Chemist: 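Just passing along the structure, written as structure tokens.
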Amino acid sequence: MAKIAFILLCHKDPEAIVQQAQQLTAMGDYVAIHFDARAPKDAFAHIREHLDDNPNVTFAKKRIKCGWGEWSLVQATLHAVEAAVDAFPRATHFYMVSGDCMAIKSAEYAKTLLDSDDCDYIESFDFFESDWIKTGMKEERLIYRHFFNERTQKTLFYNAWWLQRKLKLERKIPADLQIMIGSQWWCLRRRTIEWILDMTRSRKDVMRFFRSTWIPDETFFQTLVRHLVPEDEIRTRTLTFLMFTDYGMPVTFYNDHYDLLLGQDFLFARKISPEASSLKERLGRLWASGRTDFKISNEGRRLFTFLTGRGRIGRRFAPRFWETEATLGRERELLIVACKKWHVAKRLVGSIKHHTNIPAIDYLFNEEDTDLPDLGGIQTTLEKRTRHRRALMRMLFDYYDTDRLIICLDTANFDLMQDFFSDRSTTRLLELECDFSDDYLIGHAKRVGLAGEQTGEETMQQLLPTIRYDVIYESDRIRDAGFAHHARLHESNSPDENTPPIAQFLSVTEDVARSIAQTPYLFAD
């Protein structure tokens, strides 16, 4: 069975480091520690005092001062890796962790996973072709030499960079390397680690290059692994669960995140709050628990995006210059049926098509497989449909040779409603107001990826009030927009009460509207 040597980089909280090392070695695994030389001497002495007698713990032979974005982080990692290779000849895998990481699976589960696939786990995306870097420097990280820390020596950092640009002092990347990028939290096999250490000794040009790149902990191991290991033996993913906020800061997990963390398809999580004592205690016991019955739901990132997005109203960018005249046409009438319960809207639209000759299309901006004619490729993906919304609608009006067209939208598609109501065409909206049981909201959460089949009951109960509020908020936002020609049906209304809004929306007689309102089981789940 796999035996893991954890490469632990840390700089604070010596008591927590001692506890973390004791927990990770309790099942026969190993830990190699590099404790930042910037930290107080008594902190490191505390760690040594409590762990020196543990045969499964070793320390980097040289401690260095580490700085974010600097080569020092890679050098510290290499020092710890070298110590682990020498001290633990039986280690089969080397797993990079920090003092903020904790196991979210058992050792037995983790080792079964590692034994099942002879591979290396490391994010490794093409530096130039991927969009892994969202903001800030990209190729400038590599083609210029960086000797100062951007966070602590900002003036020197940027002056040196601008001087190199002005003097055209770009350097070449080693010709035989394809530069890769990804998370620094990797898990590599012993053979791969030994190859990397051999390369650090034999390729002085590569070492010189990376020593003066910016943020090399995101490129050094990622590039060398891809250079040394066959592609089919690399899994381009991390086994450590981590998320980032809109501002590029790592998300911190607290006591009430236990079920959510166990449901993710990862072995460790970062970063655990130092104050989350209950969570740390429960996770601390988990590694030695022998559990293998983890129910993977993997909804963590979607759930975080959903919850943090509440209360932030998105604003659509100004129309692209080629869209400024992309009107549906002044003579045309777009009829929008808006409903959170998609099956209810589809049932109503089916009845409308039965009683009128108005063409109707279901949730074309929400469902990839909506039945659409071939419009030259613009209809092939949701992203294309949304981006070219007005062009798509014009083509549909032309395809059906009509001046009146019905579409269904989710009540969350407020930006689409705003866009269509701002067009020179006439736009009408019929909102179907439904009641929502807990079972329906749970199903909705699963359909949109906020929860999975294995999401725990505790997590779901915490999520339900937010989802319910979100549904109410969507309806209130539509009402507050003051759209012209906005009619509403409500689930609790009788067919007679729902008849006038339908007649107004469709511009049909009361008899036709009443027949539609009397559609059997219109609002039924």
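Keep in mind it's a predicted model, so treat the numbers as computed, not measured.
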Chemist: Is there side-chain contact between L114 and Y121, with at least one heavy-atom pair below 4.5 Å?
Modeler: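 L114 reaches Y121 side chain to side chain.
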Chemist: Is the ring pair H50/H46 parallel, tilted or perpendicular, if the boundaries are 30 and 60 degrees?
Modeler: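 Ring orientation, 0 to 90° scale: tilted.
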Chemist: Can you check whether A5's main-chain N or O pairs, donor with acceptor, with D29's side chain at less than 3.5 Å?
Modeler: no
Chemist: To the nearest 0.5 Å, tell me how far C66 SG sits from E70 CD.
Modeler: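 Rounded to the nearest 0.5 Å, the SG-CD separation comes to 8.5 Å.
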Chemist: Looking at L239, is its backbone amide N or carbonyl O close enough to the side chain of Y95 to form a donor-acceptor pair, meaning the two atoms are under 3.5 Å apart?
Modeler: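 Yes; at least one donor-acceptor contact below 3.5 Å.
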Chemist: Looking at every heavy atom in both P174 and D205, which two are closest together, and how far apart are they?
Modeler: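 Between these two residues, the closest heavy atoms are CB-OD2, 4.5 Å.
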Chemist: Does this structure show an ion pair linking D120 with R191, if we count only N-O contacts that are shorter than 4.0 Å?
Modeler: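 Here D120 does not pair with R191 in a salt bridge, since their nearest N and O are not under 4.0 Å apart.
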Chemist: Rounded to the nearest 0.5 Å, what separates atom CZ in R270 from atom OG in S183?
Modeler: 8.5 Å
Chemist: Check the pair E474 / K340 against salt bridge (charged side-chain N to carboxylate O under 4.0 Å, His left out), numbers first and verdict last.
Modeler: CA-CA 9 Å; E474 290 172 0; K340 177 60 69 177; 3.0 Å; yes
Chemist: Identify the two heavy atoms, one from S273 and one from K280, that lie closest to each other, and give their separation to 0.1 Å.
Modeler: O-CD, 3.6 Å
Chemist: Given 3.5 Å as the limit, does a donor-acceptor pair link the side chain of K61 with the main chain of A83, or not?
Modeler: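 A pair under 3.5 Å: no.
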Chemist: Show your reasoning for whether side chain to side chain contact (heavy atoms under 4.5 Å, CB included) applies to T252 and I272.
Modeler: CA-CA 6 Å; T252 300; I272 309 298; over 6 Å; no
Chemist: Using 4.0 Å as the upper bound for N to carboxylate O, is an ion pair formed by D176 and R203?
Modeler: yes
Chemist: Would you give the length of the straight line joining atom CH2 of W161 to atom CH2 of W214, rounded to the nearest 0.5 angstrom?
Modeler: 12.0 Å
Chemist: Examine distances only and state if a side-chain atom of R282 and a backbone atom of L279 form a donor-acceptor pair shorter than 3.5 Å.
Modeler: no
Chemist: Please find out if less than 6.0 Å separates the ring center of Y109 from that of F294.
Modeler: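 Yes - the distance between ring centres of Y109 and F294 falls below the 6.0 Å cut-off.
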Chemist: Would a 4.5 Å heavy-atom cut-off, applied to side chains only, mark L441 and V471 as touching?
Modeler: yes
Chemist: Taking the six-membered ring of F59 as reference, does the NZ or CZ atom of R48 fall below 6.0 Å from its centre and within a 45° cone about the axis?
Modeler: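 Positive - R48 is close enough to the ring of F59 and near enough to its axis.
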Chemist: Taking the side chain as every heavy atom from C-beta outward, state whether D438 and L464 have any atom pair closer than 4.5 Å.
Modeler: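 In contact.
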Chemist: Is a side-chain donor or acceptor of Q222 paired with a backbone partner of T219 at a separation under 3.5 angstrom?
Modeler: yes
Chemist: Does atom NE2 of H11 have more than 12 heavy-atom neighbours from other groups under 6.0 Å away?
Modeler: no
Chemist: Is the shortest side-chain N to carboxylate O distance from R235 to D117 below 4.0 Å?
Modeler: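 Salt bridge between R235 and D117, a charged N being under 4.0 Å from a carboxylate O: yes.
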Chemist: Going from OG1 on T240 to NZ on K271, what distance comes out if it is rounded to the nearest 0.5 angstrom?
Modeler: 14.0 Å
Chemist: Counting heavy atoms not belonging to R90, are there more than 12 under 6.0 Å from its CZ?
Modeler: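 At most 12 heavy atoms, drawn from other residues, nucleotides or ligands, come within 6.0 Å of this atom.
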Chemist: Given Q75 and L78, is the side chain to side chain contact (heavy atoms under 4.5 Å, CB included) satisfied, shown in steps?
Modeler: CA-CA 5 Å; Q75 187 62 72; L78 289 172; 4.1 Å; yes
Chemist: How close do S130 and I181 get, counting heavy atoms only, and between which atoms?
Modeler: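 It is OG-CG2, 4.1 Å.
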Chemist: Assess the residue pair F241 and F266 against the criterion (ring pair (Phe, Tyr, Trp, His ring centres under 6.0 Å)); give the C-alpha distance rounded to whole Å, side-chain angles, the decisive distance to 0.1 Å, and a yes or no.
Modeler: CA-CA 6 Å; F241 179 59; F266 297 87; 5.3 Å; yes
Chemist: Measure across L286 and I104 and return the closest heavy-atom pair with its distance rounded to 0.1 Å.
Modeler: CD2-C, 3.4 Å
Chemist: Test your reading of the model: is there a side-chain donor-acceptor pair from T380 to the backbone of G377, 3.5 Å cut-off?
Modeler: yes
Chemist: Side chains of T200 and M207, heavy atoms from C-beta outward: is any pair under 4.5 Å?
Modeler: yes
Chemist: Are F6 and Q20 side-chain neighbours, meaning at least one heavy-atom pair lies under 4.5 Å?
Modeler: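 Side chain of F6 against side chain of Q20, heavy atoms only: no contact under 4.5 Å found.
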Chemist: Would the distance check show the side chain of R171 and the main-chain N or O of L142 forming a donor-acceptor pair, the cut-off being under 3.5 Å?
Modeler: yes
Chemist: Looking only at the aromatic ring of each residue, does the gap between the centers of W71 and F210 stay below 6.0 angstrom?
Modeler: no
Chemist: Say whether E150 and Y158, considering side chains only, have a donor N or O and an acceptor N or O under 3.5 Å apart.
Modeler: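 Yes, because at least one side-chain N or O of E150 sits under 3.5 Å from a partner of the opposite role on Y158.
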Chemist: Using 4.0 Å as the upper bound for N to carboxylate O, is an ion pair formed by K65 and D36?
Modeler: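 Looking at D36 and K65, the cut-off is not met.
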Chemist: Under a 3.5 Å distance rule, please check whether E233 uses its side chain to pair with a backbone N or O of V229 as donor and acceptor.
Modeler: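 Answer holds: no.
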Chemist: Looking only at heavy atoms, which two atoms of P14 and I47 are closest? And how far apart?
Modeler: CB-CG1, 3.7 Å
Chemist: Is it possible for you to check whether R385 lies under 6.0 Å from the centre of the six-membered ring of F365, through NZ or CZ, and within 45° of that ring's axis?
Modeler: no
Chemist: How long is the span from the CE atom in M102 to the CG atom in L267, to the nearest 0.5 Å?
Modeler: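 Rounded to the nearest 0.5 Å, the CE-CG separation comes out at 14.0 Å.
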Chemist: If you round to the nearest 0.5 Å, how far is CG of L24 from CD1 of I4?
Modeler: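 Rounded to the nearest 0.5 Å, the CD1-CG separation comes to 9.0 Å.
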Chemist: Restricting to non-hydrogen atoms, name the atom on T25 and the atom on A21 that form the minimum distance, rounded to 0.1 Å.
Modeler: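 Closest approach of T25 to A21, heavy atoms only: OG1-O, 2.8 Å.
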Chemist: Under 6.0 Å between ring centres: does that hold for Y30 and F88?
Modeler: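 Yes, close enough.
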Chemist: Between H34 and R63, is a side chain to side chain contact (heavy atoms under 4.5 Å, CB included) present by the stated rule, with each step listed?
Modeler: CA-CA 6 Å; H34 179 278; R63 291 172 60 211; 4.3 Å; yes
Chemist: Side chain to side chain contact (heavy atoms under 4.5 Å, CB included) between L197 and E194: does it pass, once the steps are laid out?
Modeler: CA-CA 5 Å; L197 293 179; E194 291 174 344; 5.7 Å; no
Chemist: Under a 3.5 Å threshold, yes or no: a donor from one side chain and an acceptor from the other, between N366 and N413?
Modeler: yes
Chemist: Testing E231, Q178, R237, R226 for side chain to side chain donor-acceptor pair (under 3.5 Å) with S124, which one passes?
Modeler: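 Among E231, Q178, R237, R226, the one that satisfies the side chain to side chain donor-acceptor pair (under 3.5 Å) with S124 is R226.
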Chemist: In terms of side-chain geometry, is the basic nitrogen of E140 or R165 positioned less than 4.0 Å from the acidic oxygen of its partner?
Modeler: no
Chemist: Quick check: do R189 and T92 have side-chain heavy atoms less than 4.5 Å from each other?
Modeler: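 When only atoms from C-beta onward are counted, T92 and R189 do not touch, as no gap falls below 4.5 Å.
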Chemist: So, W287 versus F268, ring centres under 6.0 angstrom or not?
Modeler: yes
Chemist: Give me the one residue out of T77, V74, L9 that meets side-chain contact (heavy atoms from CB on, under 4.5 Å) with D217.
Modeler: V74
Chemist: Please check: side-chain N/O of S422 versus main-chain N/O of D419, any donor-acceptor pairing under 3.5 Å?
Modeler: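 Between the backbone of D419 and the side chain of S422 there is a qualifying donor-acceptor contact (under 3.5 Å).
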Chemist: Are any of the side-chain heavy atoms of R291 and K105 separated by less than 4.5 Å?
Modeler: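 A side-chain contact under 4.5 Å is absent here.
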Chemist: Counting only N and O atoms by type, is there a donor-acceptor contact under 3.5 Å from the side chain of E368 to the main-chain atoms of L382?
Modeler: yes
Chemist: Just wondering, do Q22 and V57 contact through their side chains at under 4.5 Å, heavy atoms?
Modeler: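 A side-chain contact is absent here, since even the closest heavy-atom pair is not under 4.5 Å.
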